[in-house]
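Only one structure is covered here, and it is reproduced in the block below.
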Amino acid sequence: MAGGSVSECKEYLFKVLVIGELGVGKTSIIKRYVHQLFSQHYRATIGVDFALKVINWDSRTLVRLQLWDIAGQSRFGNMTRVYYKEAVGAFVVFDVTRNATFDAVTKWKHDLDSKVKLANGSPIPSVLLANKCDQKKDTSSNAALMDTFCKETGFLGWFETSAKENMNVEEAARFLVEHILLNDQHVPHEERTNDCVKLNQDAIAAEPKPGCC
Ligand code: GTP
Ligand code: MG
């Protein structure tokens with residue numbers, strides 16, 4: 001639910017999932033996006049991790065992205081249903097150097113669509129990330145195939161990303177948030193229970209609001 005109506009500043013809190021096979025770079029993408037950091041060192045995520053990205057979307061809109069960094073191994077357990085609850089957007093990540101991780105994208109997408117939906121019953125917006133593109137130079141020939149794959153599988157689109165070289169991470173996030181905001185505008189005000197977490201107004205009042213209000 002949008003808050004801060006007095007000064008006409010809107011604040012949103014969106015839950016966004018980051019899913020995909022083990023070691024594809026989910027944690028690295030989030031670290032790059034939120035902290036501008038990258039490490040070669042691989043430490044597998046256990047269960048789920050969280051990060052918060054605050055975006056001054058425009059002069060009157062503040063977006064908080066609550067990023068759920070879900071361990072690749074979670075697909076084999078029963079926890080994803082719990083993790084996906086009330087998410088309003090998702091990134092599905094694969095590693096361009098490992099074909100098996102692309103094959104698993106369909107499984108992740110199916111898992112996602114079968115376990116979470118928007119309030120109006122449609123699938124949550126999702127974007128496909130072809131990560132570690134710094135390690136594979138010639139992917140341009142795959143572009144048409146990827147477009148077709150996205151249409152068939154129900155992704156809004158795809159981006160070649162590199163957490164290492166900081167390529168397209170911001171762009172992909174912006175693209176997803178644009179779509180989440182669009183969905184939000186289509187939902188009648190009184191029905192907005194799923195796509196925005198209700199913000200505690202006292203807490204909001206107590207918190208500083210960078211560049212907004
Ligand atoms: P799980 O938590 O096990 O599901 O893995 P993950 O998807 O979170 O992968 P993580 O971010 O931990 O990255 C795995 C390994 O890939 C690490 O050694 C990273 O340094 C490396 N890596 C991640 N992104 C990139 C990238 O864009 N380019 C390159 N070259 N390496 C990357
Ligand atoms: Mg991880």
Side-chain angles (χ1 to χ4, degrees), residues 14-53 64-85 87-116 124-143 145-146 149-150 153 155-177:
F14 294 136
K15 173 176 172 178
V16 169
L17 309 169
V18 185
I19 57 178
E21 291 294 90
L22 262 117
V24 293
K26 302 178 293 294
T27 302
S28 303
I29 288 170
I30 293 171
K31 275 214 177 112
R32 167 61 72 192
Y33 183 50
V34 177
H35 305 294
Q36 283 301 326
L37 292 174
F38 176 77
S39 159
Q40 299 276 2
H41 179 68
Y42 174 40
R43 214 166 99 216
T45 304
I46 312 288
V48 62
D49 241 324
F50 307 95
L52 185 74
K53 172 81 176 180
R64 290 169 212 264
L65 281 193
Q66 192 185 67
L67 296 156
W68 285 53
D69 177 7
I70 294 169
Q73 59 197 7
S74 303
R75 192 164 57 80
F76 306 104
N78 293 319
M79 287 305 287
T80 54
R81 189 181 298 279
V82 179
Y83 296 155
Y84 295 172
K85 205 164 182 282
V88 293
F91 291 111
V92 181
V93 187
F94 71 97
D95 174 347
V96 294
T97 68
R98 288 187 292 142
N99 287 341
T101 66
F102 178 71
D103 297 339
V105 164
T106 317
K107 293 174 192 158
W108 279 103
K109 183 71 165 77
H110 177 77
D111 193 55
L112 184 71
D113 291 346
S114 63
K115 291 176 181 168
V116 64
I124 67 169
S126 58
V127 172
L128 181 60
L129 302 183
N131 192 42
K132 307 196 190 181
C133 70
D134 56 283
Q135 295 206 325
K136 202 178 181 190
K137 292 297 162 212
D138 183 29
T139 44
S140 50
S141 55
N142 291 335
L145 284 175
M146 288 292 285
F149 177 79
C150 284
T153 329
F155 286 104
L156 292 172
W158 64 282
F159 288 80
E160 280 184 324
T161 57
S162 168
K164 186 179 178 193
E165 305 290 343
N166 195 16
M167 287 171 65
N168 276 340
V169 176
E170 283 276 345
E171 288 81 353
R174 180 155 275 274
F175 180 76
L176 181 61
V177 171

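Keep in mind that the numbers below use all heavy atoms, side chains included, and drop hydrogens, waters and symmetry copies. Just so you know, ligand 1 is whichever comes first in the structure, and atom 1 is the first atom listed for that ligand. Note that the numbering runs from 1 along the sequence shown for the chain.
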Report summary line: Within the 4.0 Å heavy-atom cut-off, what Cys133 brings close to ligand 1 is neither
Report summary line: Going by the 4.0 angstrom heavy-atom rule, the piece of Ser162 near ligand 1 is both
Report task. Check whether any N or O atom of Gly72, backbone or side chain, sits under 3.5 Å from an N or O atom of ligand 1, and answer yes or no. Result -> yes
**Report entry** For atom 8 (O) of ligand 1, the protein heavy atom that lies nearest, with its residue and separation
**Finding:** Thr27 OG1, 2.8 Å
Query raised in the report: Quick one: which ligand 1 atoms are inside 4.0 Å of a heavy atom on Gln135?
Result: 30 (N)
Query - Close-contact set for ligand 1 against Asp134 heavy atoms, below 4.0 Å - result: 26 (C), 27 (O), 28 (N), 29 (C), 30 (N)
Report task. Report the part of Thr161 in contact with ligand 1, treating N, CA, C, O as backbone and CB onward as side chain, heavy atoms under 4.0 Å; options are side chain, backbone, both, neither. Result -> neither
Query raised in the report: What is the nearest protein non-hydrogen atom to atom 12 (O) of ligand 1, stated with its residue, atom name and distance?
Result: Tyr42 CD1, 3.2 Å
Query raised in the report: Atoms of ligand 1 less than 4.0 Å from Ala71 heavy atoms?
Result: 4 (O)
Query raised in the report: For Leu128, which of Phe91, Trp108, Phe155 qualifies under side-chain contact (heavy atoms from CB on, under 4.5 Å)?
Result: Phe155
Query raised in the report: How about Thr45: does one of its N, O or S atoms come closer than 2.8 Å to the Mg ion (ligand 2)?
Result: yes
Query raised in the report: Looking only at atom types and distance, does a side-chain atom of Ser162 sit under 3.5 Å from a main-chain N or O of Lys164, one as donor and one as acceptor?
Result: yes
Report summary line: Closest heavy-atom pair, Arg81 versus Ser114, reported as atoms and distance to 0.1 Å, is NH1-O, 4.4 Å
**Report entry** Salt bridge Glu21-Arg75, side-chain N to carboxylate O under 4.0 Å
**Finding:** yes
Report task. Find all atoms of ligand 1 within a distance of less than 4.0 Å from any non-hydrogen atom belonging to Ser39, and give their numbers and elements. Result -> 19 (C), 20 (O)
Query raised in the report: Is Asp69 salt-bridged to Lys26, going by a charged N under 4.0 Å from an acidic O?
Result: no
Report summary line: The protein heavy atom nearest to atom 9 (O) of ligand 1 is Gly25 N, 3.1 Å
Report summary line: Candidates Gln40, Lys132, Glu165; heavy atom nearest atom 18 (O) of ligand 1 found on Gln40
Requested in this report: Examine Asp69 against ligand 1 and note whether any of their N/O atoms are separated by less than 3.5 Å.
Outcome: no
Query raised in the report: Identify the closest protein heavy atom to atom 5 (O) of ligand 1: which residue and atom is it, and at what distance?
Result: Gly23 N, 2.9 Å
Report summary line: Note: ligand 1 atoms sitting under 4.0 Å from heavy atoms of Ala163 are 24 (N), 26 (C), 27 (O)
**Report entry** Partner of Ile70 by side-chain contact (heavy atoms from CB on, under 4.5 Å), out of Val18, Ile19, Thr45
**Finding:** Ile19
Report task. Any atoms of ligand 1 less than 4.0 Å from a non-hydrogen atom of Asn131? List them with their elements. Result -> 24 (N), 25 (C), 27 (O)
Query raised in the report: Distance under 6.0 Å and angle within 45° of the ring axis: does Lys53 meet both against Tyr33?
Result: yes
Query raised in the report: Parallel, tilted or perpendicular: which fits the ring planes of Phe102 and Phe149, with parallel below 30° and perpendicular above 60°?
Result: tilted
Report task. With Asp113 as reference, evaluate Lys115, Lys109, His110 under the side-chain hydrogen bond (donor to acceptor under 3.5 Å, both in side chains) test and give the passing residue. Result -> Lys109
Report task. Output yes when the distance from some N or O of ligand 1 to some N or O of Val24 is under 3.5 Å, and no in every other case. Result -> yes
Query - ligand 1 N/O within reach of Thr45 N/O, cut-off under 3.5 Å - result: yes
Query raised in the report: Considering only heavy atoms of Ser28, which atoms of ligand 1 have at least one such atom less than 4.0 Å away?
Result: 10 (P), 11 (O), 13 (O), 19 (C), 23 (C), 24 (N)
